[in-house]
Q: 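Can you read through this structure? Questions will come right after.
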2 protein chains.
Amino acid sequence: MSCLLCHECALVPGKAPRYHRLVSNRPDLSLAQRKRQLVATELTEAALQLLALNGFDAVTVDEIATTAGVSKRTFFRYFASKEDVVVQFLADMGADMRAGLAARPAEERPSEALLHAVSVPLTVCGDHAERALPVVRLILRTPALLARFLEHEARWREELTEELAERLGLDPAVELYPRLAAGMAIAAFDTVLHRWSAEGDAGGAEDPTALIGRAFALLAPALDREAVS
Amino acid sequence: MSCLLCHECALVPGKAPRYHRLVSNRPDLSLAQRKRQLVATELTEAALQLLALNGFDAVTVDEIATTAGVSKRTFFRYFASKEDVVVQFLADMGADMRAGLAARPAEERPSEALLHAVSVPLTVCGDHAERALPVVRLILRTPALLARFLEHEARWREELTEELAERLGLDPAVELYPRLAAGMAIAAFDTVLHRWSAEGDAGGAEDPTALIGRAFALLAPALDREAVS
DNA sequence: CACTGCTTGACACTCGGTGACACGAGCGGC
DNA sequence: GCCGCTCGTGTCACCGAGTGTCAAGCAGTG
């Protein structure tokens with residue numbers, strides 16, 4: 001897995017929070033794996049540059065591939081779609097969120113546990129703002145990318161629903177609460193990201209970690225109700 | 001605008017709740033308009049039948065068009081994409097929701113106003129369950145259609161955000177509350193639709209109008225807080 | 001050296017979607 | 001009657017995303 005946020009680093013999977021390390025610094029990877037990693041970053045680098053410059057629709061996969069020095073066919077061996085080259089890293093965020101929720105103590109109130117789960121990817125964004133902010137803006141203002149982003153959010157909601165239901169011993173097919181609570185958490189995430197990436201005075205000014213705290217302060221009375229219907 | 005839910009009727013735009021009338025019963029429409037209406041319903045009929053039978057990916061636009069007796073080019077003069085032929089009616093739902101919110105008295109609590117707004121399209125679904133349920137299930141279980149559905153939901157959230165901000169005199173670019181509240185309402189809508197369209201015991205059993213009421217009972221303490229941050 | 005397995009490029013193909021153009025039906029004016 | 005107009009449609013050519021297939025290159029291994 002390559003990391004879109006840190007210039008040219010690779011993520012070590014299976015640990016949370018994930019380690020970010022330079023590809024050239026990884027003697028534990030085989031040569032083949034490092035070559036593969038190199039092609040992937042080359043491809044995303046080329047894509048981000050071209051897309052930010054010319055807009056999503058004006059750039060073809062062929063252009064991205066040849067800019068990175070490979071063929072179009074190879075591009076699709078690395079990424080499932082043209083959108084994925086920008087959005088792929090969101091899949092890891094979902095796994096991080098779920099893991100973050102699972103790691104919280106069982107007696108913690110739902111609002112606290114969900115806040116910490118959702119904060120994990122937001123803090124990563126905040127810590128790499130110079131690189132993350134333009135990418136987020138590109139995603140949110142490009143319809144095709146936004147659509148894929150929404151698909152990822154929906155998948156996150158699904159995962160949080162399962163994790164939350166298991167945590168509370170509820171059946172997500174019967175009770176409304178788990179999916180509703182997960183939906184509220186994702187709505188908070190989305191609102192914060194939208195606000196953070198806004199142009200103008202409010203944009204980028206406030207830290208996403210602080211924003212998500214304010215959002216959850218609003219949601220808490222609904223998330224922590226005793227009477228779970 | 002054709003109405004996907006009622007077998008072969010046309011919606012009269014600009015009124016809420018919309019009138020549903022048979023195409024053949026519309027002397028106020030010109031011959032050309034009725035012909036256009038006829039082709040549109042023929043297309044959606046053919047599409048729904050083929051897609052439900054063979055799955056979304058296994059059916060080409062050419063098949064749908066020739067089944068309906070027109071050319072592929074003509075299909076795209078009626079619908080912007082292959083998904084649109086199934087999902088297009090959702091655009092009206094968004095307008096209905098916004099209009100429903102705007103129509104509520106200004107002094108009403110946000111939870112009440114939003115509940116009524118979101119209930120409008122859900123009640124329509126519940127009233128035409130025999131026809132609406134299979135369509136909703138087709139959408140939610142087909143990735144490509146689900147993606148378009150999520151895009152529509154996002155648009156609805158945007159509209160509710162604007163309407164709510166105006167209603168409360170808040171700046172949606174600064175305050176988190178409007179977008180967050182709209183997101184909660186959409187999350188409730190989504191949860192209800194998901195639960196309603198579920199297979200098995202819970203599926204279709206409870207009325208969507210009743211379900212949305214229960215969902216909003218959970219959300220109300222967060223939606224109606226005095227201290228709007 | 002021969003064998004194996006993996007990655008890649010080249011090529012052909014399907015299908016969603018669009019632009020251009022020509023044809024015919026309906027319609028008003030003369 | 002005929003002309004010219006508009007509008008909807010079919011045909012055709014085209015672009016770009018995405019996939020299947022195959023042969024070539026190259027690392028590792030005996």
Side-chain angles (χ1 to χ4, degrees), chain A residues 1-2 10 23 26-44 46-47 50-51 54-88 142-148 151, chain B residues 1-2 10 23 27 29-44 46-48 50-51 54-88 142-149 151:
Chain A
M1 275 305 101
S2 78
V23 174
R26 302 287 309 280
D28 55 323
L29 289 180
S30 75
L31 177 68
Q33 285 176 301
R34 276 183 291 170
K35 264 167 76 178
R36 188 172 173 80
Q37 192 52 246
L38 201 75
V39 175
T41 62
E42 204 70 24
L43 240 13
T44 58
L50 288 173
L51 295 182
N54 304 64
F56 187 80
D57 294 327
V59 178
T60 70
V61 173
D62 244 326
E63 288 179 280
I64 298 173
T66 49
T67 301
V70 297
S71 73
K72 173 185 143 192
R73 192 66 187 86
T74 295
F75 176 94
F76 284 107
R77 282 193 256 258
Y78 282 80
F79 301 100
S81 71
K82 183 181 169 187
E83 292 90 355
D84 253 38
V85 74
V86 181
V87 165
Q88 191 213 41
T142 304
L145 294 175
L146 178 60
R148 299 296 175 123
E151 284 189 74
Chain B
M1 277 303 102
S2 77
V23 174
L29 290 180
S30 75
L31 177 67
Q33 287 175 301
R34 276 183 292 170
K35 265 167 74 178
R36 184 170 176 82
Q37 192 52 246
L38 201 75
V39 175
T41 63
E42 205 69 24
L43 241 13
T44 58
L48 285 181
L50 289 173
L51 295 183
N54 304 63
F56 187 81
D57 295 328
V59 178
T60 69
V61 173
D62 243 326
E63 288 179 281
I64 299 174
T66 50
T67 301
V70 297
S71 73
K72 172 186 143 192
R73 193 66 187 84
T74 295
F75 175 95
F76 284 108
R77 283 193 254 257
Y78 281 80
F79 302 99
S81 71
K82 185 181 171 187
E83 293 91 356
D84 252 38
V85 75
V86 181
V87 163
Q88 190 214 40
T142 304
L145 294 175
L146 178 60
R148 299 294 177 124
F149 173 70
E151 285 189 75

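Protein chains get the first letters and strands the later ones, always in sequence-line order, with residue 1 at the start of each. None of the values given here were measured: they were computed from a predicted structure.
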Q: Could you tell me how far apart Leu38(A) (CG) and dT7(C) (P) are, to the nearest whole angstrom?
A: 15 Å
Q: What about Arg77(B), does its side chain sit under 3.5 Å from the base of dG10(D) through a donor-acceptor pair?
A: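 Yes.
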Q: Whole-Å distance between dG16(D) C1' and Asp57(A) CG?
A: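 Atom-to-atom, Asp57(A) to dG16(D), this comes out as 11 Å.
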Q: Measure from the side chain of Val39(A), starting at C-beta and using heavy atoms only, and say which of dA17(D), dT8(C), dG17(C) lies closest.
A: dT8(C)
Q: In this structure, how many angstroms lie between the C1' atom of dT8(C) and the CG atom of Leu43(A), rounded?
A: 13 Å
Q: Tell me which nucleotide among dT8(C), dG18(D), dG17(C) gets nearest to the side chain of Tyr78(A).
A: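 Within the option list, the nearest is dT8(C).
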Q: Would you name the heavy atoms of Lys82(B) and Phe56(B) that are closest together and state the gap between them?
A: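 What the structure gives for the nearest pair is NZ-O, 2.9 Å.
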Q: If I take atom CZ in residue Phe79(B) and atom P in nucleotide dG16(C), what distance separates them, rounded to the nearest angstrom?
A: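 Going from CZ in Phe79(B) over to P in dG16(C) covers 15 Å.
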Q: Which heavy-atom pair separates Phe75(B) from Ser81(B) by the least distance, and what is that distance?
A: CE2-O, 3.8 Å
Q: Figure out the CG/P separation between Leu50(B) and dC15(C), and round it to whole Å.
A: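 To the nearest whole Å, that distance equals 14 Å.
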Q: Within residues 60-74 of chain B, find the residues that approach DNA chain C with a heavy atom at under 4.0 Å, and present them sorted by residue number.
A: Thr60(B), Val61(B), Lys72(B), Arg73(B)
Q: How would you list, by chain and number, every residue that makes a side chain to side chain contact (heavy atoms under 4.5 Å, CB included) with Ala80(B), sequence neighbours excluded?
A: Asp84(B)
Q: Take atom CZ of Phe75(B) and atom C1' of dG8(D), then tell me their distance rounded to the nearest Å.
A: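 Going from CZ in Phe75(B) over to C1' in dG8(D) covers 17 Å.
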Q: After noting the C-alpha distance and the side-chain angles of Phe149(B) and Glu83(B), does the key distance pass the side chain to side chain contact (heavy atoms under 4.5 Å, CB included) rule?
A: CA-CA 9 Å; Phe149(B) 173 70; Glu83(B) 293 91 356; over 6 Å; no
Q: Can you find a heavy atom in the side chain of Pro143(A) that is under 4.5 Å from one in the side chain of Leu146(A)?
A: no
Q: Give the rounded distance in Å between these two atoms: CZ of Phe76(A) and C1' of dG20(D).
A: 14 Å
Q: Of the non-hydrogen atoms in Ala58(B) and Glu63(B), which two are nearest, and what is the gap between them?
A: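 In this case the closest contact between Ala58(B) and Glu63(B) is O-OE1, 3.6 Å.
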